[in-house]
Amino acid sequence: MHTNSAVLFNENTSFTYVDVIVPLYLKNTLTWFVPSQFHNGIAVGVRVEVQIGKSRRYAGIIKKIHQDKPANIEVKPILNVLDDRPILHEDQLKLWAWISKYYMCTEGEVMIAALPSHLKLSSETVVVFNPDHEVDTQTLNEKEYLVSEALEIRSELKISEIQKILDSNHVYPVIKQLIDKRICLVFEQMNETYKAKTETYIHLNSIYHNEEVLETLVNSWSKAPKQLDLLLSFLHLQRTQGDVLKSALLKKANASPAVFDGLVAKDILKVEKRQVDRLPNLPKEFNINFRLSVAQETALMQIQESFQQFPATLLHGVTGSGKTMVYIKLLEQFIKKGVQSLFLLPEIALTSQIIRKLRDHLGGHVAIYHSKFNMSERLELWHKVKSGEVKVVLGARSALFLPFSKLEFIIIDEEHDASYKQQDPAPRYNARDAAIFYAGLVNAKVLLGSATPSLETYYNATTHKYGLVKLSERFGNLELPDITTIDLKLEALDAGQSQIFAPLTIDSIRATLDKGRQIIIFQNRRGYSPYIICNTCSWIPKCTNCDVSLNYHKSSNKLHCHYCGSTYPLYKTCGNCGNQDLLQKNFGTEHIEENLETVFPEQKVARMDTDSIKGKHSHDTLIKQFEEHKIDLLVGTQMVVKGLDFDNVGAVVIPDGDSILHFNDFRVNERAFQLIEQVSGRAGRKNEHGQVFIQLRDTNHPLIEKLQKHDYDAFYNTEIQERQMFFYPPFSRIINVQSRHNDAFASKEAMTIFCNFIRQQYPQFVFGPAQPVINKVRNQYIFECMLKFQKNRQIIDGIKSAIETAVVEVLNHPHLKRTIFTVDVDPL
DNA sequence: AGCACGCCGACT
DNA sequence: GTCGGCGTGCTC
């Protein structure tokens, strides 16, 4: 009787199970049981080693600890506990869960994006040569022979290496044969990839610490003069600097490692390996050596008041208003309070100027985190953030996932920037929106900053969901730049020298250069991306399905829609006024650079776009050269806009304004206004106020007037009205659904079935497919539809579950089984 | 993402 | 009749 009840007790209550997130695409979290020896070691947020499938092992994160045995499956045990304390906080896991739900991906996919890869261990199958077995080459086929040959030489191979040897992904059958023939063995190896960085320090053997003994040694030195030289340089270094680094010594003495090894072999010098930080350890001091202007001071106070009232506050500050200075003051306050802050930037690799400013003023309190960092550096920062040592993290979107212990302040600079949204691999999350959610979770304050806020943020601010603080005055009372249009319908392009600039533009450039000022030429296209415009009435041919401008393709001599792929014959006459004066616009940054070099041969011209910026530092170098006025004319794409403040730019030239005003994007005006306003802001800083020259034909475009007045509110108001006219319910959500399939017809059919299914359930909210898109990407045809609806949590949840059902519905058709759906949620 | 299983065509 | 190519589905 006792035995029975003991068994029952054990089976019912003493088994502990853990739900573990593994870095895989899994719809449901899987459960493992915890053997008794690990009971004390587990906690939510601790990594455990688990087996998944036949042999593969992963480091997963414990999400939940419970006693519920999963029904109908045999539960495997966890193999190991990898951490003695959680590597992240439960709030982080809540953020992961929210992201996976809101952006419709799995938590495993969030984990892949969130953890530095050194924390995401997985096993790799390693094939080892069996030395006890004679290879009988007779019994092997060609592939088996190749592998066994390689094994005999290398004795150990990874699966990926075998794939390379055989030039095929199908290597398992071969390995299986080799195992059967007892030529090799396999095992799973967990790869711990992080290695602490060490530096080698050198000490003198302690017996020579006695001066006399040392003197005797040096004086009685007979052979090996190089070793003596090295020893003497060592003694000198030690006396002047204290601890001596091996690398420093060898460099200073210009000696080879062999000479050094000789001294070590004689036991004169001793080697010590010391662990060091990869991250620079700057002194933790402030250097607030500036004073805020009255306007900035007021803004700062308003922000602090707003923080009492709102979870998030928008700082709408014109370019050059010195938002960064306000940020620094706020960060200083939070650092002094002893809490952590996060400073998000769209593409941090491109914004070394802000990094420099923060480092200058806040010193070692600031750490930087972005994708160009290597994984070891990221892991070290991870731990420093968790321990609370680092107070401010300046980072790109992935910095949001760092394990902050007491985060109270998040700055999202340039909040309108599209690169906050991760596009390609899931999770397709917007770091701005996720950060606002996360701030709510941990009770942190959010400051959104922009000169050209996104419409949805501005809407939230004007409807008092967020606080709103304006900084509408440039620092030092500078005026905003004058925007001058140069009407290309009146000003013929300079036919002799330049196909790109009108003589008037060239004169303006020359005048600016003569004043010793630099110039930025902004063209939003690399290479060649032409479109067509009527020289008389500035009509631009657009796709009837998609309402985006058509691109001329020389190869087919037709007009192509880059959205839906449909083609149109080349127009001979204008579809609006009937004139035959249609112009092909045809230049990108390269062309402009070349052209400027001929027009201004004495000036230094440089180009900044993704083609000309290759390495990690070439961008920095270019900016430095420009700052030091080694470059007079800088031609660039959007890249020149991002986070750059130059003091000596007299003018900005936009040679092809029409291409911006008629963007290939359905949110045409929003992007156009933002771009032109942002790029205009680069003109005129410390010096007299700047000039902007826009060459264009469509001079009556309604945005121009608003841009000239820098009137964001006017732009915003008309944009809202327009959206209502086009049935975009203002401030709703869009869900973008892509179907892809190797077969264009199947992809299209899948999308049609999908859309019909959604329409049945949500006829009132869904206006789709709004943009029938067919793209051919890597042999896969993609169709897209956009679901737009009023923002409302219940509706969003309902639509998402309808989407899931619709996807299942589509995949039930045998010929559509191989359709891949991707879903993407965004504010509109 | 791996890895197994199972269906179908090519070949002893 | 078997081998192996590849598509399909599951992983606690």
Side-chain angles (χ1 to χ4, degrees), chain A residues 15-35 38 42 47-81 100 105-113 115 117 120-127 139-144 157-163 166-181 186-191 424-427 740-743 746 750 779-780 807-808 810-822:
Chain A
F15 269 90
T16 300
Y17 296 92
V18 281
D19 291 351
V20 176
I21 306 172
V22 281
L24 289 177
Y25 179 85
L26 292 173
K27 288 232 159 61
N28 306 305
T29 12
L30 305 180
T31 308
W32 281 261
F33 80 85
V34 184
F38 295 133
I42 55 160
R47 287 178 310 150
V48 286
E49 183 182 337
V50 290
Q51 192 179 89
I52 192 159
K54 204 86 190 262
S55 56
R56 195 129 293 242
R57 289 178 294 158
Y58 288 94
I61 287 199
I62 298 180
K63 182 192 175 186
K64 197 179 155 196
I65 302 169
H66 58 89
Q67 312 318 123
D68 314 323
K69 185 184 192 302
N72 306 325
I73 40 157
E74 201 181 307
V75 186
K76 288 180 184 168
I78 63 171
L79 300 173
N80 222 333
V81 177
S100 82
C105 63
T106 69
E107 286 183 64
E109 286 170 320
V110 183
M111 179 178 175
I112 292 168
L115 287 191
S117 62
K120 293 179 290 198
L121 312 175
S122 67
S123 70
E124 196 168 7
T125 312
V126 178
V127 181
T139 64
L140 302 178
N141 68 28
E142 193 190 344
K143 285 181 176 180
E144 292 163 9
L157 290 174
K158 289 173 184 155
I159 294 292
S160 53
E161 293 169 327
I162 296 177
Q163 285 174 338
L166 296 183
D167 194 25
S168 144
N169 288 333
H170 280 257
V171 298
Y172 291 96
V174 180
I175 296 167
K176 213 171 176 181
Q177 281 298 311
L178 289 172
I179 295 167
D180 289 347
K181 291 175 185 167
V186 289
F187 68 98
E188 290 290 312
Q189 189 176 39
M190 278 303 255
N191 25 11
D424 204 20
R740 31 172 106 187
H741 197 288
N742 287 345
D743 172 8
N779 295 324
Q780 287 197 317
V807 167
V808 173
V810 171
L811 299 183
N812 277 339
H813 291 71
H815 63 295
L816 300 178
K817 262 189 181 160
R818 292 178 53 213
T819 316
I820 301 162
F821 279 97
T822 42

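Residue numbering restarts at 1 for every chain, and letters A, B, ... go by the order of the sequence lines. No experiment lies behind these values; they were computed from the predicted model shown.
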All ring pair (Phe, Tyr, Trp, His ring centres under 6.0 Å) counterparts of A/Phe821, not counting sequence neighbours: A/Phe754
Using the test ring pair (Phe, Tyr, Trp, His ring centres under 6.0 Å), find all partners of A/Tyr25 that sit at least two apart in sequence or belong to another chain. none
All side chain to side chain contact (heavy atoms under 4.5 Å, CB included) counterparts of A/Leu79, not counting sequence neighbours: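 Partners of A/Leu79 by the side chain to side chain contact (heavy atoms under 4.5 Å, CB included) criterion, ordered by chain and then number, come out as A/Glu49, A/Gln51, A/Arg57.
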Please list, chain by chain and in numerical order, all residues satisfying side chain to side chain contact (heavy atoms under 4.5 Å, CB included) with A/Ala113, sequence neighbours excluded.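 For A/Ala113 the side chain to side chain contact (heavy atoms under 4.5 Å, CB included) partners, ignoring immediate neighbours, are A/Pro427.
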For the pair made of [atom1] in [X] and [atom2] in [N], what is the distance, rounded to whole Å?
X        : N      : atom1 : atom2 : result
A/Asp68  : C/dC12 : CG    : C1'   : 14 Å
A/Glu109 : B/dA1  : CD    : P     : 10 Å
A/Ile21  : C/dC12 : CD1   : C1'   : 14 Å

List, with names and distances, any nitrogen or oxygen atoms from the protein found under 3.5 Å away from nitrogen or oxygen atoms belonging to nucleotides 8-11 of chain C.
residue, atom, partner, partner atom, Å
C/dT11, O3', A/Gly53, N, 3.2

Taking only residues two or more places apart in sequence or in another chain, which ones pass salt bridge (charged side-chain N to carboxylate O under 4.0 Å, His left out) with A/Lys63? A/Glu107
